[in-house]
Novice: 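The structure under discussion is supplied below as structure tokens; questions concerning it will follow.
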Amino acid sequence: MSDRLPPLTALRAFDAAARHMSFARAAEELNVTPAALSFQIKSLEDHLGAPLFRRLNRAVELTEAGLALAPGADEGFRALGVAWQQARRVLDTTSLTVTAGPALTAKWLAPRLYEFARAHPEIDLRLSAGLKMVDLRRDGVDVAIRFGYGTDAGLVSQPARAEWLTPVMTPELYARFPTPEALRRAPLIYDDSINFLQPACDWPTWFRAVGLEFTPGSGTHFSHADHAIDAACAGLGVALGRRPMIIKDVREGRLVAPFKIAIETEARFRFLCLPEAEDRPQIKAFRDWFFAEIEKTAHMWDDFEIIPVKDM
């Protein structure tokens with residue numbers, strides 16, 4: 001029995017057969033004949049000096065040696081696949097995959113992406129909206145934009161502007177509730193997606209910022225920030241909106257933000273990428289565009305008093 005590794009083709013044939021527990025299905029996956037696959041597995045068994053499969057009447061099963069080899073073979077080919085994709089990504093200067101939360105994608109990213117596409121027609125951009133944690137080395141994602149307090153160990157992490165919240169409503173609702181005192185009687189919308197923020201950035205916190213006491217009563221709750229803002233646009237009530245979620249609707253007149261007091265959370269949006277990928281042309285172009293877009297509208301809030309929640 002030799003310590004020298006067997007040929008990769010033989011190991012690949014074994015891996016496929018072990019996963020399918022069928023020589024016929026393994027041969028179909030590898031696009032070879034069943035006879036060719038059987039030959040590769042037999043050569044592997046000869047190299048090992050012991051059988052890896054028991055050939056039954058209409059099936060196969062792994063021997064003890066086969067059971068020992070199968071997990072490592074599967075893991076090894078998966079790792080090879082990931083490494084190959086990473087090598088291809090290093091050489092690819094035109095494809096860019098970005099992941100961001102559904103609310104930021106709907107309310108801020110998607111309405112602006114035509115500007116990026118127009119400025120960089122050479123980049124094939126793929127945008128994935130989701131909150132699932134991703135591994136930038138394994139999941140084929142180049143850039144992640146995430147909101148919270150993440151430590152981002154091992155990644156390039158560039159925070160965006162401070163995030164804050166202020167009440168927004170339709171002009172019609174504002175005519176009915178024109179002051180913070182009156183707002184306590186208004187139908188309020190609750191964005192439960194920010195319940196994780198500590199200290200809390202909620203309706204009682206905002207009312208304290210304007211010198212009023214408030215005890216939450218009934219209202220409509222949403223689990224996604226963009227749904228809460230859409231509901232406010234429809235006139236359902238008053239939402240406590242974050243800057244990137246409200247800016248388009250405020251600029252276009254669907255919503256107003258009349259009370260110039262906002263509470264600033266310690267959480268931030270962060271632009272994340274791998275250290276070794278930071279200088280790839282498409283990532284650098286997207287990062288520069290992302291932060292430039294934020295600055296384009298920063299002046300809209302110059303007349304707001306932004307109160308850090310940690311100071312309250």
Novice: Side-chain atoms of residues 96-105: list all donor-acceptor pairs with protein atoms under 3.5 Å, sequence neighbours left out, distances to 0.1 Å.
Specialist:
residue	atom	partner	partner atom	Å
Thr99	OG1	Ser128	O	3.1
Thr99	OG1	Arg146	NH2	3.2
Thr105	OG1	Gly101	O	2.8

Novice: Quick one, Phe269 and Arg161 - any side-chain contact, counting heavy atoms below 4.5 Å?
Specialist: no
Novice: Can Thr205 and Asp202 be said to form a side chain to side chain donor-acceptor pair (under 3.5 Å), step by step?
Specialist: CA-CA 5 Å; Thr205 306; Asp202 52 12; 2.6 Å; yes
Novice: Report yes if some heavy atom in the side chain of Ser193 is under 4.5 Å from a heavy atom in the side chain of Arg242; otherwise report no.
Specialist: yes
Novice: Check salt bridge (charged side-chain N to carboxylate O under 4.0 Å, His left out) between Glu28 and all other residues, then give those that pass, not counting sequence neighbours.
Specialist: none
Novice: Do Asp230 and Lys107 have side chains that approach each other closer than 4.5 Å (heavy atoms only, starting at C-beta)?
Specialist: yes
Novice: Are any of the side-chain heavy atoms of Phe14 and Leu37 separated by less than 4.5 Å?
Specialist: no
Novice: Considering non-hydrogen atoms only, spot the tightest contact between Gly241 and Ile229 and give its length.
Specialist: CA-CD1, 4.0 Å
Novice: Is the shortest heavy-atom distance from the side chain of Phe286 to the side chain of Phe271 under 4.5 Å?
Specialist: yes
Novice: Does NZ or CZ of Arg243 fall inside the cone over Phe304's six-membered ring, less than 6.0 Å from its centre and within 45° of the axis?
Specialist: no
Novice: Could you check if a side-chain atom of Leu165 sits within less than 4.5 angstrom of a side-chain atom of Trp206, using non-hydrogen atoms only?
Specialist: no
Novice: Heavy-atom distance under 4.5 Å between the side chains of Cys233 and Leu255, does that happen here?
Specialist: yes
